[in-house]
Protein chains: 2
Amino acid sequence: MTPTSDVISSERVEGTAVYNAAGDKLGSIDDLMIDKRSGQVRYAVLEFGGFLGMGTDRYPLPWKMLNYDTAVDGYVVPLDKAQLENAPRYGEGEVPDYTNDYGRQVNTYYGVNW
Amino acid sequence: MTPTSDVISSERVEGTAVYNAAGDKLGSIDDLMIDKRSGQVRYAVLEFGGFLGMGTDRYPLPWKMLNYDTAVDGYVVPLDKAQLENAPRYGEGEVPDYTNDYGRQVNTYYGVNW
């Protein structure tokens, strides 16, 4: 058995597909939001929607909601598409100021407290 | 005073310049290596050397060695160029298997134990 590396490159995470538990592809990871002081990844930003790359939205997901599944070569999150419809989001190039309040809003939406 | 965001995008970190305490530019951040389980950024990978983008080397630096300095709009690390000459490195596209052993080798070189 090949030893599995404990770390992954940010460049490899970006672009990785995200599925829900039912196997629907929700989108792919566009970016990571990292706590400046601790270096902890707080949010993986899901790119979703749009057509031919235009007008896609960005959904920050708490990092710990993502589980990598080798079977689908992507992340699986416990969300259905309906839950994403009302989720905090922003347009491409409209990155919000991720102060504590914005992060809290995201965490509250998903019911997590990390 | 504008409230400062607590998080930073991986896309913004990538490409940020890295200086030593003497103000010499050492290179720029090419990539981040992230602990798969915890989401903690372990290493920022410094791109350094080469000519016109060819043959540059990659130096993984323990994340906590980097301090962002707004005055230079880049990271400052307590290293001089001579210390980088013997540091663990790899070529572009030759990402090593970052098992515990490789990480330990990097940490030992820089005298850190995170």
Side-chain angles (χ1 to χ4, degrees), chain A residues 1-16 29-47 58 60-70 74-75 77 88 90 92-107 112 114, chain B residues 1-16 29-47 58 60-70 74-75 77 88 90 92-107 112 114:
Chain A
M1 201 177 132
T2 313
T4 305
S5 180
D6 296 322
V7 295
I8 189 167
S9 152
S10 57
E11 288 177 354
R12 281 207 55 193
V13 174
E14 293 157 10
T16 299
I29 300 298
D30 176 60
D31 201 3
L32 299 172
M33 302 306 295
I34 300 163
D35 185 288
K36 284 180 183 175
R37 274 174 291 272
S38 68
Q40 175 72 38
V41 177
R42 296 282 176 214
Y43 306 100
V45 183
L46 173 70
E47 180 178 356
R58 303 289 185 277
L61 303 177
W63 170 259
K64 292 182 184 178
M65 284 179 59
L66 279 70
N67 286 297
Y68 190 78
D69 184 342
T70 53
Y75 293 102
V77 293
Y90 47 90
E92 190 177 355
E94 296 172 358
V95 182
D97 186 22
Y98 274 78
T99 55
N100 280 332
D101 273 356
Y102 187 77
R104 197 149 42 216
Q105 184 187 334
V106 172
N107 291 350
V112 302
W114 312 299
Chain B
M1 201 177 130
T2 312
T4 305
S5 182
D6 296 321
V7 297
I8 189 167
S9 151
S10 57
E11 289 178 353
R12 281 206 55 192
V13 175
E14 293 156 11
T16 299
I29 300 298
D30 176 60
D31 201 3
L32 299 172
M33 303 306 296
I34 300 163
D35 185 289
K36 284 180 183 173
R37 273 173 292 270
S38 69
Q40 174 71 41
V41 176
R42 296 281 176 218
Y43 307 100
V45 184
L46 173 70
E47 180 178 356
R58 302 290 185 276
L61 303 177
W63 170 259
K64 293 183 183 176
M65 283 179 59
L66 278 70
N67 286 296
Y68 189 77
D69 184 342
T70 53
Y75 293 102
V77 293
Y90 48 91
E92 191 177 355
E94 294 173 358
V95 183
D97 185 20
Y98 273 77
T99 55
N100 281 332
D101 272 355
Y102 187 77
R104 197 149 40 218
Q105 184 187 333
V106 172
N107 291 350
V112 302
W114 312 300

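To find a chain, count down the sequence lines: A is the first, B the second, and so on, and within it residues start at 1.
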Participant: What distance separates A/S9 OG from B/Y43 OH, expressed to the nearest 0.5 Å?
Facilitator: 14.5 Å
Participant: On a heavy-atom basis, which atom in A/M33 and which in B/V7 lie closest, and how many Å separate them?
Facilitator: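 In this case the closest contact between A/M33 and B/V7 is CE-CG2, 3.7 Å.
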Participant: Just give me the residue among A/V41, A/L32, A/V13 that pairs up with chain B most often, heavy atom to heavy atom, under 4.5 Å.
Facilitator: A/L32
Participant: Answer yes or no: is there an ion pair linking A/D6 with B/R42, defined by an N-O contact shorter than 4.0 Å?
Facilitator: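 Answer for the salt bridge query: no.
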Participant: Would you mind checking which part of B/N67 comes under 4.5 Å of any heavy atom in chain A, side chain (CB onward), backbone (N, CA, C, O), both or neither?
Facilitator: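 It is neither, since no heavy atom gets under 4.5 Å.
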Participant: With chain A, which of B/D31, B/V45, B/V95, B/D30 has the greatest number of heavy-atom pairs at distances under 4.5 Å?
Facilitator: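 It is B/D31.
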Participant: Which atoms form the tightest heavy-atom contact between A/S10 and B/E14, and what is the distance?
Facilitator: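 The pair with the smallest heavy-atom distance is OG-OE2, 2.8 Å.
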